[in-house]
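Working notes, beginning with the structure itself.
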Amino acid sequence: MTASLETRLAALEREVALQRDHIAVRQVIASYGPKVDTSDRIERARLLAELWTEDGVYDIGGVARFEGRTAIAQAFESQHFGQVPEGVCHVFGLPYVKVDGDQATALNYSVVMRPDDTRGDEGQRFFPWRVSMNRWQLVLCGDGRWRVRHRLNRLMQGHAETLAALRDIDALAAGADL
Amino acid sequence: MTASLETRLAALEREVALQRDHIAVRQVIASYGPKVDTSDRIERARLLAELWTEDGVYDIGGVARFEGRTAIAQAFESQHFGQVPEGVCHVFGLPYVKVDGDQATALNYSVVMRPDDTRGDEGQRFFPWRVSMNRWQLVLCGDGRWRVRHRLNRLMQGHAETLAALRDIDALAAGADL
Amino acid sequence: MTASLETRLAALEREVALQRDHIAVRQVIASYGPKVDTSDRIERARLLAELWTEDGVYDIGGVARFEGRTAIAQAFESQHFGQVPEGVCHVFGLPYVKVDGDQATALNYSVVMRPDDTRGDEGQRFFPWRVSMNRWQLVLCGDGRWRVRHRLNRLMQGHAETLAALRDIDALAAGADL
């Protein structure tokens, strides 16, 4: 009986750890929006870049590929810092997450919303500026936290490379639901 | 004491299985976007249709009701296949999920974004084409995977039938939080 | 050995309860959209207001601060009730959730979509009317359900107070992933 309890307990521990990883990966992704949309200067962008591993990569569609936290933080200087005081909002769609040991991959969409200043006060609206797919590759670090080692971001404009990355869903979702 | 451990272990097993189902249902829904937005031909639409049970139904607001995987795959031929190379993006809002044994219901919103080609290069924007409510009815299949047996999709234009389906939230959320 | 089983079981119970709270808080937030978008009269708005505690607060950016369920229900009378039959859709982005005992805080974005009637039938579109940050402060009530005691909603227009509230992500995400 104790053996049976031991077996069941060990199975539960594995399953609960997997479910924790599923929630944790979603948390890392969910923290990006509030962090980026308050990053109006390099000090805050450096905090944002800590979502990545030291040598992490952020490959931004239509912009450039940034490698390492310093480069990632600087990526926001030219355009994003100026958008923060105008209002800019990174809304994230539901992610598909695959956890494999201390590695994880997630696919989700992001919509960057900005106020539409072409309209009068009465007709306040926002507009979807960038609509992108994101493929997040994360790693569970020694301190127990998941960090991004590679994020591919591509505008959803039908390019072959973008669709190829998105088709990763086939392999990711081929096995069990989580 | 062993009896107590047994009781607690059994309670944990039930709870952990329920939480797994909650994550799994969200995964099925989250996999739809990347699958549909890369479905530019019937072979890929057939893979997409495998999210449904063999006799599953997809009832698309303003389009038609499709029954069975073959019909569901063909539903994308007339319009969607042509949109994929232009860029089309099914962004999903947070779902409310109710699991009841091997059945589950989920309510969420979907926003289909498309590039706005009426603007010049400088002013790249996207626009929300279809904004819909979705009621997903899923079943846990023999292979351990959740599949869709019925998906109702309706544009959020205030029609009485749409609001009636959305009011399912009252019964779904009447009991415990999950 | 039994002592070790007891220790492991207790650790699992704590972890599974935490994960349940994480899912439960997301469920409360996810139920808001279907409830509000079917609230076309005071009776339904009162059901919606039950997501809050009796003395809960809903502080709506650009509108007003409402305290208590009665006031919260009435907040929807002047404008929202009339939008429901036209179609109005509260799409929610992925929330970041921090649970601390019987208290929880969540940050997420909301996008209120409405049909764009300035376009003809052919070109049906929706538009993002309000894009907001939301800071939800919830409490686990005696009946085992999470309820909102304070929700701060602010349009993402770059105001200092809005950005300050959003920077709460720094403290929320400073510790473990969940």
Side-chain angles (χ1 to χ4, degrees), chain A residues 2 5-6 9-10 12-13 15-17 19-40 44 47-48 50-51 83-95 108 110-111 113-116 119 123-128 140 143-147, chain C residues 1-2 4-6 8-9 11-16 18-20 22-23 26 62 91-98 106-114 116 118 127-133 135 154-160 162-170 172-178:
Chain A
T2 303
L5 287 177
E6 165 62 33
L9 198 51
L12 271 176
E13 286 168 336
E15 174 66 21
V16 169
Q19 293 188 17
R20 164 174 272 257
D21 288 335
H22 265 270
I23 299 175
V25 165
R26 286 166 175 80
Q27 291 276 91
V28 173
I29 295 174
S31 71
Y32 181 83
K35 280 180 184 274
V36 73
D37 296 330
T38 55
S39 284
D40 55 358
R44 288 204 60 78
L47 288 177
L48 172 64
E50 290 177 9
L51 291 177
Q83 290 175 348
V84 171
E86 299 167 4
V88 59
C89 187
H90 287 69
V91 184
F92 277 0
L94 203 64
N108 82 328
S110 53
V111 177
M113 294 284 192
R114 294 169 57 195
D116 190 345
R119 307 184 64 93
Q124 177 62 54
R125 296 186 174 195
F126 288 75
F127 69 93
L140 182 56
D143 63 352
R145 305 200 68 171
W146 286 91
R147 287 192 183 81
Chain C
M1 187 60 160
T2 302
S4 164
L5 287 177
E6 165 62 32
R8 289 163 64 190
L9 198 51
L12 271 176
E13 285 168 337
R14 282 190 302 273
E15 173 66 21
V16 169
L18 174 63
Q19 293 188 18
R20 164 174 272 258
H22 265 268
I23 299 175
R26 287 166 175 81
V91 184
F92 277 0
L94 202 64
Y96 185 92
V97 177
K98 185 77 182 184
L107 288 176
N108 81 328
Y109 293 124
S110 53
V111 177
V112 186
M113 293 284 190
R114 294 169 57 196
D116 190 346
T118 64
F127 70 93
W129 177 48
R130 289 174 60 91
V131 174
S132 309
M133 59 77 63
R135 186 185 58 202
R154 286 292 180 270
L155 290 171
M156 288 294 292
Q157 295 173 320
H159 299 153
T162 307
L163 299 180
L166 212 45
R167 281 195 299 267
D168 282 0
I169 190 64
D170 294 351
L172 292 171
D177 286 330
L178 69 162

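Each chain gets a letter, A, B and so on, in the order the sequences are listed, and its residues count up from 1. The analysis underlying the following values was restricted to heavy atoms, covering all of them including side chains, and did not include hydrogens, waters or symmetry mates.
At a 4.5 Å heavy-atom cutoff, the contact between C/Val131 and chain A is made by backbone and side-chain atoms alike. Only the side chain of C/Leu107 comes within less than 4.5 Å of a heavy atom in chain A; its backbone stays farther off. Neither the backbone nor the side chain of A/Ala17 comes within contact range of chain C, judged by heavy atoms closer than 4.5 Å. When heavy atoms are compared at a cutoff of 4.5 Å, C/Val97 approaches chain A by way of both its backbone and its side chain. Both the backbone and the side chain of A/Gln19 come within less than 4.5 Å of a heavy atom in chain C. Of the two parts of C/Met133, neither the backbone nor the side chain holds a non-hydrogen atom closer than 4.5 Å to a non-hydrogen atom of chain A. Contacts of C/Leu12 with chain A are made by side-chain atoms alone, with heavy-atom separations under 4.5 Å and no backbone atom involved. Proximity to chain C is absent for every atom of A/Val25, based on heavy atoms less than 4.5 angstrom apart. Contact annotation for A/Leu47: only side-chain heavy atoms (C-beta onward) come within less than 4.5 Å of a heavy atom of chain C. Heavy atoms closer than 4.5 Å to chain A are found nowhere in C/Arg114, neither backbone nor side chain. Only the backbone of C/Ala174 comes within contact range of chain A, judged by heavy atoms closer than 4.5 Å. For C/Leu9, the parts lying near chain A are the backbone and the side chain together; criterion is any non-hydrogen pair under 4.5 Å. Residue contact with chain A, scored on non-hydrogen atoms closer than 4.5 Å, involves the backbone and the side chain of C/Tyr96 alike.
Rounding to the nearest 0.5 angstrom, the gap separating the CG atom in A/Leu94 from the CZ atom in A/Arg26 is 7.5 Å.
In this structure, A/Met113 and A/Pro128 have side chains that are in contact, with non-hydrogen atoms separated by less than 4.5 Å.
Most heavy-atom pairs under 4.5 Å with chain C: of the set A/Ile23, A/Asp40, A/Asp143, A/Val91, this distinction falls to A/Ile23. The residue among C/Asp170, C/Thr162, C/Val111, C/Leu172 with the most heavy atom pairs within less than 4.5 Å of chain A is C/Asp170. When A/Val88, A/Thr38, A/Val84 are compared by the number of non-hydrogen pairs under 4.5 Å with chain C, A/Thr38 comes out ahead.
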Quiz item: Does the side-chain contact (heavy atoms from CB on, under 4.5 Å) test come out yes or no for A/Trp146 and A/Leu140, once each step is laid out?
Solution: CA-CA 4 Å; A/Trp146 286 91; A/Leu140 182 56; 3.6 Å; yes
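A salt bridge is defined here as a Lys NZ or Arg NE, NH1 or NH2 lying under 4.0 Å from an Asp or Glu carboxylate O, and A/Glu50 with A/Arg145 fails to meet this definition. The residues C/Lys98 and C/Asp168 are annotated as not salt-bridged, no charged nitrogen and carboxylate oxygen being separated by less than 4.0 angstrom.
For A/Asp37 (side chain) and A/His90 (main-chain N/O), a donor-acceptor pair under 3.5 Å exists by modelled atom type. Remark: side-chain polar atoms of A/Ser39 are paired, donor with acceptor, to backbone N or O of A/Lys35 under 3.5 angstrom.
Taking the six-membered ring for Trp and thresholds of 30 and 60 degrees, A/Phe92 and A/Tyr32 have nearly parallel ring planes, at less than 30 degrees apart.
With sequence neighbours excluded, the residues forming a side chain to side chain donor-acceptor pair (under 3.5 Å) with C/Asn108 are C/Trp136, listed by chain and number. Every residue two or more places apart in sequence or in another chain that forms a side chain to side chain donor-acceptor pair (under 3.5 Å) with C/Arg154 is listed here: C/Asp59, C/Glu161.
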